[in-house]
Amino acid sequence: MSKIAFVLVVIVFGIVMFVAGLLAPAALKAPYDVTLPQWLPTSLSKLIPVKSVAAAGAAVAAATPAAAGGAKAASAPAAIALTSLLVPATPAANTVYALQVALLATADQAADSAAPFTAAQVPVKILNVTTEDGKAWVLVAAGNYNSYDDARTQQTVLAQQFHLLDLPPVIVLPPPKPAA
C-alpha cells in the first residue's frame, strides 16, 4: 500500500510541476540556451546542443572590435576544426598543449569564462572552432604546456584552483600564424 501511495505522490508532484511550468509568467521562463550552458560542466556543455549555436558565428563576428566599432579594425579569426585540437597518438615536434576549460556559443560567454584564468595570470586562448556538422563554437583554452605530461599534471591543479566540476581535457593548440 505504501508503494502505491509513493507512486501516486510522485505522479501528482510531476503533474503539479508541469502545470506550474505552463502557467508561469514569461518573465520567469528563461530560454535554456541562455542559462543552461553557464551552469553545465564543460563535458556536458559539449553534448547538449543549444538553440543559439547556429547563430554563434554571427555572435562571434559581432563581438569583434571591427563590428563593435573599435579603433583597430580587425576581421574575425577563421574558425578551426574542433577535431584538429585532439591530441594525436604521435605529436609533431614543438606541439603546444592546453586545457579546454569551456566550449561556449558566444564570444561574450567565452570572455566571461576566461576572466578568472586571466586574473590568476594563467595564459588563456579563445579560439573559434567548428564541429564536424558545421556548428560554430567558441573554445576557451587555459595554459601553455610543452608536453602532454605537463598538461595532465595541471589538470587537477586547475580543476581545484578554479572549482571546475570535471577535469578539463588536454588539447593541442594550433600553431601560431606566421608574422605578416
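Keep in mind that what you see is a predicted model, and the values were worked out from it rather than measured.
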Student: Taking transitive links into account, so neighbours of neighbours count too, which hydrophobic residues share a cluster with V12 at under 4.5 Å side-chain distance?
Tutor: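 The other cluster members (ILVMFWY side chains, heavy atoms under 4.5 Å, direct or chained) are F13, V16, M17.
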Student: From L85 CG over to I80 CD1, what is the distance, rounded to the nearest 0.5 angstrom?
Tutor: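 Separation between the atoms: 4.5 Å.
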Student: Using a side-chain heavy atom cutoff under 4.5 Å and only I, L, V, M, F, W and Y, what cluster partners does F6 have?
Tutor: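 Same cluster as F6: V10.
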Student: Would you give me the side-chain donor-acceptor pairs under 3.5 Å for residues 149-160, sequence neighbours excluded?
Tutor:
{"residue": "D150", "atom": "OD1", "partner": "S147", "partner atom": "OG", "Å": "3.4"}
{"residue": "D150", "atom": "OD2", "partner": "S147", "partner atom": "OG", "Å": "3.2"}
{"residue": "T153", "atom": "OG1", "partner": "D149", "partner atom": "O", "Å": "2.8"}
{"residue": "Q155", "atom": "NE2", "partner": "P168", "partner atom": "O", "Å": "2.7"}

Student: Share the residues that join V9 in a hydrophobic cluster, the rule being Ile, Leu, Val, Met, Phe, Trp or Tyr side chains under 4.5 Å apart at the heavy-atom level.
Tutor: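 Its cluster partners, ordered by chain and number, are none at all.
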Student: List for me each residue that meets ring pair (Phe, Tyr, Trp, His ring centres under 6.0 Å) alongside F117, sequence neighbours excluded, and say none if there are none.
Tutor: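 F162.
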Student: Would you name the heavy atoms of V138 and A107 that are closest together and state the gap between them?
Tutor: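 Where V138 meets A107 most closely, the heavy atoms are CG2-N, 3.9 Å.
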Student: Shortest non-hydrogen contact from V122 to G143?
Tutor: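 Taking every non-hydrogen atom into account, CG1-N, 3.8 Å.
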Student: How far does CG of L127 sit from CG of L103, to the nearest 0.5 angstrom?
Tutor: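 Taking CG in L127 and CG in L103, the distance rounds to 10.5 Å.
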Student: In the structure I gave you, are the side-chain heavy atoms of Y97 and V172 within less than 4.5 Å of one another anywhere?
Tutor: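 When only atoms from C-beta onward are counted, V172 and Y97 do touch, with a gap below 4.5 Å.
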Student: Could you list the residues that satisfy side chain to side chain contact (heavy atoms under 4.5 Å, CB included) with S113, not counting sequence neighbours?
Tutor: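 For S113, the residues satisfying side chain to side chain contact (heavy atoms under 4.5 Å, CB included) (neighbours in sequence not counted) are A102, L104, V140.
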Student: Less than 4.5 Å apart, side chain to side chain, heavy atoms only: is that true for I171 and V87?
Tutor: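 Result no, sub-4.5 Å side-chain heavy-atom pair not found.
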Student: Just to verify, what does L8 make a side chain to side chain contact (heavy atoms under 4.5 Å, CB included) with, not counting sequence neighbours?
Tutor: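 Per chain and number, L8 pairs via side chain to side chain contact (heavy atoms under 4.5 Å, CB included) with I4.
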Student: Taking side chain to side chain contact (heavy atoms under 4.5 Å, CB included) as the definition, give me every residue that meets it alongside D133, ordered by chain and number, with sequence neighbours left out.
Tutor: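 D133 satisfies side chain to side chain contact (heavy atoms under 4.5 Å, CB included) with T131, K135 once adjacent residues are dropped.
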Student: Test V170 against L99 for side-chain contact (heavy atoms from CB on, under 4.5 Å), laying out the working first.
Tutor: CA-CA 5 Å; V170 176; L99 300 173; 3.7 Å; yes
Student: Step by step, would you call V101 with V124 a side-chain contact (heavy atoms from CB on, under 4.5 Å)?
Tutor: CA-CA 10 Å; V101 294; V124 174; over 6 Å; no
